[in-house]
Every structure is written in structure tokens, then in C-alpha cells.
Engineer: 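Dumping the structure here so I can ask a few things about it.
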Amino acid sequence: MSIENLIKRAEDKNTRKLKNFENKSKNIKVGIMGGTFDPIHYAHLATAEFIRDRYKLDKILFIPSGTPPHKSESITNKFDRYNMVNIATENNEHFLVLDLEIKRNKKTYTIDTLKDLKKTYKNIDIYFITGADAICDIETWKDVEENFKLATFIAATRPGISLLKVQEKIASLKIKYNANIIDVYVPSLDISSTYIRNQLKENHSVRYLVPENVENYIKYKMLYRYGE
């Protein structure tokens with residue numbers, strides 16, 4: 001199958017899933033997976049599925065960022081990142097992809113996304129999934145207190161992160177902002193987008209690190225200077 005047909009198939013599946021979601025978007029629990037996804041990989045997918053199952057969430061919405069304020073280095077074209085997320089999630093009926101952040105022609109902030117979601121999808125309970133390291137820096141986010149009013153935050157802890165430091169930070173945030181934060185240890189894969197980009201730049205295999213069709217997309221588009 002050509003890359004163009006692969007993209008169209010994934011878009012068509014996602015459109016169908018979104019329509020079904022819009023028809024049933026009342027009184028349901030929704031997890032949000034945001035990030036640059038540069039590129040999306042199996043650890044992202046495994047984390048989303050683990051949390052969906054653990055907390056009985058109805059859907060996981062993947063929202064690739066457009067121009068994130070905390071990323072100073074250059075990132076891959078937002079439409080390529082969106083396409084890769086679509087391709088990676090197409091076969092999971094619980095995973096949906098939204099393009100609301102990549103449509104913005106300005107820096108994208110979590111607070112704006114949460115407000116948009118609450119406006120578009122009435123009566124949904126939002127669970128914002130983020131890394132435990134991000135929770136430790138969350139007070140640098142725009143309108144941090146308002147974020148906590150709009151969503152429950154799930155802080156995913158993984159190997160290499162100090163659990164004690166995270167728990168102390170969460171305790172202080174709960175007191176200061178009356179925040180609803182859940183910390184969970186995710187037995188995720190030790191994979192990062194940075195590692196994958198470096199592998200590709202050095203012409204090493206990323207097989208079994210990213211979904212096969214995502215790898216095919218990267219090759220076709222020559223992303224991350226694949227093979228140079």
C-alpha cells in the first residue's frame with residue numbers, strides 16, 4: 001500500500017471513530033495524551049493503553065502539539081507528526097486523534113486545549129496523562145490553577161524518576177491548588193523519541209520501537225535524515 005493510501009485509510013478510520021465519539025460524548029471518561037510525538041513510538045501507545053485499562057477510561061484522545069512553548073529545539077513538521085499518530089493508532093478503537101493544536105497558528109498551551117475540549121464535548125470527565133517529570137515542572141505552565149480545575153491529572157512514573165520527589169510535589173500541589181492528581185507507576189518500555197531520532201540519524205534500525213507503518217512513513221518522507 002502506498003503511503004498516500006496509508007494516510008487516507010488512517011484518516012478515514014479516525015474520522016469514523018470521532019463521529020461515533022461525538023454521538024456518545026456525554027458522561028464518559030476521556031484520557032488525553034498530548035505531546036510532540038516526534039515520532040510516536042510503542043512506549044506512548046503502551047502507556048495510553050495501560051492507563052485506559054487501569055482507570056477504565058472510555059477513550060484516549062491523542063493530541064499532537066502544534067508549536068509547543070516548552071520546546072526550544074526544532075521539531076518535525078506538525079502535519080507529519082499528526083499523520084504518524086493517526087497511522088499508529090488506527091487499529092485501536094479506543095484511540096482517537098484530534099488536530100485542534102496543529103490547526104493553531106500560534107503557540108499551543110494545555111489550558112487552551114482543555115477549554116476547547118470542554119466547550120466541544122459537553123459533560124466529559126478529562127484525565128490529562130503526563131509524565132511525572134512534567135508534573136514536577138507544572139507550575140511553569142500557563143494558568144496552572146485553571147488546568148487543575150478542568151482536569152484530573154495522571155502522572156505516569158517510569159524507571160529513572162524519583163518516586164519520592166514526585167509524591168512530595170504532588171502533595172504540595174494538592175494543598176496549594178486543590179488539585180486532583182493521581183500518580184501511577186507505568187511498566188512502560190524504555191523508549192524515547194530522542195533515542196529513535198538518534199538511531200535514524202545514525203542509520204540504525206528502529207524496528208519494534210515504532211509501529212511498522214510509522215517506520216514506512218519515516219522512510220518515505222526521509223524524516224530525521226533517515227539513512228544519511
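Note that the numbering runs from 1 along the sequence shown for the chain.
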Engineer: What I'd like to find out is whether the side chain of M1 reaches to under 4.5 Å of the side chain of K8, using heavy atoms alone.
Structural biologist: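 Contact flag for M1/K8 side chains = no.
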
Engineer: Please report the interatomic distance CD1(I87) to CD1(I3), rounded to the nearest 0.5 Å.
Structural biologist: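 Here the rounded value is 6.0 Å.
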
Engineer: Which pair of heavy atoms, one from S65 and one from E101, lies closest together, and at what distance?
Structural biologist: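 Closest approach of S65 to E101, heavy atoms only: CA-OE1, 3.1 Å.
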
Engineer: If we check side-chain contact (heavy atoms from CB on, under 4.5 Å) with L6, which of these qualifies: N86, N83, N213?
Structural biologist: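 Passing option: N213.
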
Engineer: Salt-bridged, D116 to R104, with N to O below 4.0 Å?
Structural biologist: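 Result for this pair is yes, salt bridge flagged.
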
Engineer: Taking atom NZ as the centre, does K29 end up with more than 12 heavy-atom neighbours from other residues, nucleotides or ligands that are less than 6.0 angstrom away?
Structural biologist: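 Result for NZ/K29: enclosed.
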
Engineer: Side chains of S2 and N5 only: does a donor on one sit below 3.5 Å from an acceptor on the other?
Structural biologist: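 Yes, because at least one side-chain N or O of S2 sits under 3.5 Å from a partner of the opposite role on N5.
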
Engineer: Looking only at non-hydrogen atoms, find the nearest pair between Y55 and D183 and report the distance.
Structural biologist: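 Heavy atoms of Y55 and D183 come nearest at OH-O, 4.5 Å.
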
Engineer: Looking at every non-hydrogen atom in both residues, tell me the closest pair between L18 and L98 and how far apart they are.
Structural biologist: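 Looking at all heavy atoms of both residues, the shortest contact is CD2-CD2, 3.4 Å.
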
Engineer: Going by the angle between their ring planes, with limits at 30° and 60°, are F148 and F153 parallel, tilted or perpendicular?
Structural biologist: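 Geometry flag for F153 against F148: perpendicular rings.
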
Engineer: Is it the case that over 12 heavy atoms from other parts of the model lie below 6.0 angstrom from the CG atom of N23?
Structural biologist: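 Enclosed.
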
Engineer: Is a side-chain N or O of S172 found less than 3.5 angstrom from the main chain of K169, in a donor-acceptor match?
Structural biologist: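 Checking the backbone N and O of K169 against the side chain of S172, a donor-acceptor pair under 3.5 Å is found.
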
Engineer: For a 4.5 angstrom cut-off between non-hydrogen side-chain atoms, does D58 reach K24?
Structural biologist: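 Of all side-chain heavy-atom pairs linking K24 with D58, none is under 4.5 Å.
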
Engineer: Taking atom CG of N123 as the centre, report whether more than 12 heavy atoms of other residues, nucleotides or ligands fall under 6.0 Å from it.
Structural biologist: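 Yes - once you tally the heavy atoms of other residues, nucleotides and ligands closer than 6.0 Å, there are more than 12.
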
Engineer: Search all heavy atoms of P39 against all heavy atoms of R197 and return the closest pair with its distance.
Structural biologist: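 Distance-wise, the nearest heavy atoms are CD-CG, 4.1 Å.
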
Engineer: Just so I know, are the side chains of L117 and L61 near enough to count as touching, which here means a heavy-atom distance under 4.5 Å?
Structural biologist: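 They are in side-chain contact.
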
Engineer: Give me the atom names and distance for the closest heavy-atom approach of N92 to K17.
Structural biologist: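 Looking at all heavy atoms of both residues, the closest pair is O-NZ, 3.0 Å.
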
Engineer: Are a donor atom and an acceptor atom from the side chains of T76 and D38 found within less than 3.5 Å of each other?
Structural biologist: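 Yes, a side-chain donor-acceptor pair sits under 3.5 Å.
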
Engineer: Rounded to the nearest 0.5 Å, what separates atom OG1 in T47 from atom CD1 in I129?
Structural biologist: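 If I round to the nearest 0.5 Å, the distance is 8.5 Å.
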
Engineer: When you measure from the side chain of N147 to the backbone N and O of K142, does any donor-acceptor pair fall under 3.5 Å?
Structural biologist: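 Yes, because the side chain of N147 sits within donor-acceptor range (under 3.5 Å) of the backbone of K142.
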
Engineer: Supply the atom-to-atom distance H41 NE2 to I191 CD1, rounded to the nearest 0.5 angstrom.
Structural biologist: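 So the NE2 of H41 and the CD1 of I191 are separated by 6.5 Å.
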
Engineer: Taking R81 for the side chain and I40 for the main chain, is one N or O donor matched with an acceptor at less than 3.5 Å?
Structural biologist: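 No: the side chain of R81 does not pair with the backbone of I40.
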
Engineer: Can you tell if the side chain of I126 reaches within under 4.5 Å of the side chain of L150, non-hydrogen atoms only?
Structural biologist: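 They are not in side-chain contact.
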
Engineer: Between the main-chain N or O of E146 and the side-chain N or O of D143, is there a donor-acceptor pair closer than 3.5 Å?
Structural biologist: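 Here the side-chain-to-backbone pair does not exist.
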
Engineer: Got a sec: does the CD of E212 have more than 12 other heavy atoms crowding it under 6.0 Å?
Structural biologist: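 Not more than 12 within 6.0 Å, no.
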
Engineer: Out of E93, E90, E22, which residue meets the salt bridge (charged side-chain N to carboxylate O under 4.0 Å, His left out) rule with R16?
Structural biologist: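 Going through E93, E90, E22 one by one, the salt bridge (charged side-chain N to carboxylate O under 4.0 Å, His left out) with R16 is satisfied by E93 alone.
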
Engineer: Which value, rounded to the nearest 0.5 Å, describes the distance between L173 atom CG and I181 atom CD1?
Structural biologist: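 Atom-to-atom, L173:CG and I181:CD1 are 4.5 Å apart.
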
Engineer: Checking N91 against K13: is there a side-chain donor and acceptor pair closer than 3.5 Å?
Structural biologist: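 Short answer, yes.
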
Engineer: Can you find a pair of side-chain heavy atoms, one from L57 and one from D125, that are under 4.5 Å apart?
Structural biologist: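 Counting from C-beta outward, L57 and D125 never come under 4.5 Å.
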
Engineer: Measuring only between side-chain heavy atoms, which start at C-beta, is Y224 closer than 4.5 Å to Q199?
Structural biologist: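 Not touching, per the 4.5 Å side-chain cut-off.
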
Engineer: If you take all heavy atoms of P64 and I102, which pair is closest and at what distance?
Structural biologist: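 Taking every non-hydrogen atom into account, O-CG2, 3.6 Å.
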
Engineer: Evaluate the side-chain proximity of L45 to F62: yes if any heavy-atom separation is below 4.5 Å, no if none is.
Structural biologist: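 F62 vs L45: side chains touch.
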
Engineer: Within a strict 4.5 Å, meaning less than it, do heavy atoms of the L223 and M84 side chains meet?
Structural biologist: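 Yes, their side chains come closer than 4.5 Å.
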
Engineer: So does C136 get a backbone contact from the side chain of K165, meaning a donor-acceptor N/O pair under 3.5 Å?
Structural biologist: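 Not at all, since once roles are kept as given, no pair shorter than 3.5 Å links the two residues.
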
